[in-house]
Amino acid sequence: MKLAIQLYTLRDIIRDEETLADALLHLRQMGYEGVEFAGLYDIPAPRVRQIVEQAGMHALSCHVSLDTMEQELDGVLEDAKVLGLDTVAMAWSAADSPEAVARAVRVLQAAQSAAEPHGVRILYHNHSHELRPVDGCAALPLEHIMQAVPLEADLYWVFYAGLDPARFLRENNSRIGLLHIKDGKKSKPLPCALGEGEADIPEICLAAADCGKEWLIVENDEPSPDGLQDARRSAEYLQKILEK
């Protein structure tokens with residue numbers, strides 16, 4: 001399996017062309033081969049693609065908000081084409097009412113219909129709240145969402161919701177397009193670098209390999225002391241596991 005990183009992890013560092021290029025070079029040296037975007041830093045998409053290629057990395061996917069997916073999908077798909085992406089993920093949606101869940105499903109389905117002719121798939125990136133019951137919903141919000149589009153499974157938030165992330169991955173493999181691997185506390189929503197929390201990262205890696213996943217996308221919502229140092233510790237930990 002290959003390592004990628006969600007660049008939200010480095011939001012404290014990347015601000016413009018120069019800092020993006022510098023960060024990607026450092027990430028490539030750490031062993032990361034792929035990147036997932038959470039915005040383009042006001043840099044034109046052709047220039048972003050050039051920077052990624054110069055770093056010897058592969059652009060996998062991007063995160064966009066529900067509102068952006070609903071209102072600016074044409075621009076998102078154009079950027080995806082320029083960047084060479086085959087995946088766009090909705091980063092988050094409210095899921096605290098049947099109406100909120102229905103809106104997410106509606107927007108995801110419409111986006112998938114529009115994206116498919118462009119060779120782009122639409123995924124949904126989960127947190128923990130979609131795995132909790134909602135009055136008026138016949139199933140968990142995430143079940144409704146996964147009936148609409150595949151998932152970009154964030155396995156820390158699955159863990160924090162009280163489920164076994166390796167089992168969740170194995171049981172839902174056919175409905176999981178990409179995955180985020182991260183660590184953190186089980187008792188409170190506190191992500192951390194891989195190997196520094198309570199999730200069973202070796203077992204998750206084994207499940208990902210058994211399921212034929214090509215990429216492990218590292219993400220940390222709360223990097224410490226900064227995104228690059230956090231990403232380095234996660235890469236070093238993962239590489240030791242994958243070498244076994």
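Just so you know, residue 1 is the first one in the sequence shown, and it goes up from there.
Between the CG atom of L142 and the SG atom of C137 there is a distance of 11.5 Å, given to the nearest 0.5 Å. How far OG of S174 is from CD1 of I176: 8.5 Å, rounded to the nearest 0.5 Å. Here the CG-CG distance, from L238 to L216, works out to 6.0 Å after rounding to the nearest 0.5 Å. Distance check: D183 CG to I204 CD1 gives 7.5 Å after rounding to the nearest 0.5 Å. D164 contributes atom CG, which lies 8.5 Å from atom CZ of R170 (distance to the nearest 0.5 angstrom). Between the CD1 atom in I43 and the CG atom in L40 there is a gap of 7.5 Å [rounded to 0.5 Å].
A salt bridge is defined here as a Lys NZ or Arg NE, NH1 or NH2 lying under 4.0 Å from an Asp or Glu carboxylate O, and E198 with K186 fails to meet this definition. Between R167 and E203 there is no salt bridge, since no side-chain N of the basic residue sits under 4.0 Å from a carboxylate O of the acidic one. The pair E99-R106 fails the salt-bridge criterion, with no side-chain N (NZ, NE, NH1 or NH2) lying under 4.0 Å from an Asp/Glu carboxylate O. With salt bridges taken as basic N to acidic carboxylate O contacts below 4.0 Å, one links R103 and E70.
In this structure, D74 places its CG atom where only 12 or fewer heavy-atom neighbours from other residues, nucleotides or ligands lie under 6.0 Å away. Counting non-hydrogen atoms of neighbouring residues, nucleotides and ligands closer than 6.0 angstrom, the CG atom of D16 exceeds 12 such neighbours. More than 12 heavy atoms of other residues, nucleotides or ligands sit less than 6.0 Å from atom CD of Q50.
Counting heavy atoms from C-beta on, the side chains of L155 and I181 never come closer than 4.5 Å. Under the 4.5 Å side-chain criterion, counting only non-hydrogen atoms from C-beta, H63 is in contact with H125. No side-chain heavy atom of S128 sits under 4.5 Å from any side-chain heavy atom of L131. Taking 4.5 Å as the limit, every side-chain heavy atom of E116 sits out of range of all side-chain heavy atoms of V120. D230 is not listed as a side-chain neighbour of L10, based on a closest heavy-atom distance of 4.5 Å or more. Y8 has its side chain within reach of E219: a pair of non-hydrogen atoms, C-beta onward, lies under 4.5 Å apart. Side-chain contact between L123 and V88 is absent, with no heavy-atom pair separated by less than 4.5 Å. Annotation: side chain of S93 is in contact with side chain of Y124 (closest heavy-atom distance under 4.5 Å).
Linking Ile, Leu, Val, Met, Phe, Trp and Tyr whenever their side-chain heavy atoms come within less than 4.5 Å leaves Y156 and L206 in two separate clusters. Following chains of ILVMFWY side-chain contacts shorter than 4.5 Å, one cannot reach F37 starting from L25, and the two form parts of different hydrophobic clusters. By the criterion of side-chain heavy atoms lying less than 4.5 angstrom apart, applied directly or through intervening Ile, Leu, Val, Met, Phe, Trp or Tyr residues, L179 is grouped together with L163 in one hydrophobic cluster. In the hydrophobic clustering of this structure, L190 does not group with I201; members are Ile, Leu, Val, Met, Phe, Trp, Tyr whose side-chain heavy atoms approach within less than 4.5 Å, directly or through other members. Under the 4.5 Å side-chain contact rule for hydrophobic residues, M146 and L66 share a cluster.
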Evaluate the side-chain contact (heavy atoms from CB on, under 4.5 Å) criterion for residues L242 and L3: first the C-alpha distance (whole Å), next the side-chain angles of each, then the deciding distance (0.1 Å), finally the verdict. CA-CA 10 Å; L242 297 178; L3 303 190; 3.9 Å; yes
Given side-chain contact (heavy atoms from CB on, under 4.5 Å), test I13 with D226 step by step and report yes or no. CA-CA 8 Å; I13 290 174; D226 60 51; 4.0 Å; yes
Show your working on side-chain contact (heavy atoms from CB on, under 4.5 Å) between H129 and D96 and close with a plain yes or no. CA-CA 8 Å; H129 64 286; D96 56 353; over 6 Å; no
Please assess T87 against L60 for the test side-chain contact (heavy atoms from CB on, under 4.5 Å), listing each intermediate value before the final yes or no. CA-CA 7 Å; T87 302; L60 290 179; over 6 Å; no
As a quick check of understanding, evaluate salt bridge (charged side-chain N to carboxylate O under 4.0 Å, His left out) for E143 and R175, giving each step before the final call. CA-CA 11 Å; E143 283 296 324; R175 298 193 291 173; 3.6 Å; yes
Run E53 and R49 through salt bridge (charged side-chain N to carboxylate O under 4.0 Å, His left out) and show every step you take. CA-CA 6 Å; E53 291 176 347; R49 177 167 183 162; 2.9 Å; yes
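Residues G227 and P223 come closest through the heavy atom pair CA-CB, 3.8 Å.
Neither side chain, H144 nor E130, offers a donor N or O lying under 3.5 Å from an acceptor on the other. S61 and E36 share a donor-acceptor pair across their side chains, judged by distance under 3.5 Å alone. Side-chain contact check for Y41 and E17: no donor-acceptor pair (N or O, by modelled atom type) lies under 3.5 Å.
Proximity of a side-chain donor or acceptor of Q239 to a complementary backbone N or O of M30 within less than 3.5 Å is detected. In this structure, Y32 contributes its side chain and A231 its backbone to a donor-acceptor pair below 3.5 Å. Side chain of R233 to backbone of S224: a donor-acceptor contact under 3.5 angstrom is found. For the pair N173 (side chain) and C211 (backbone), a donor-acceptor distance under 3.5 Å is present.
Here W215 and H180 keep their ring centres 6.0 angstrom or further from each other.
When each of H58, E214, E33 is paired with K2, the side chain to side chain donor-acceptor pair (under 3.5 Å) condition holds for E214 and for no other. Checked options K182, H127, Q6; the residue passing with D154 is K182 (criterion: side chain to side chain donor-acceptor pair (under 3.5 Å)). Among I5, L7, D12, the single residue meeting the side chain to side chain contact (heavy atoms under 4.5 Å, CB included) criterion with T9 is I5.
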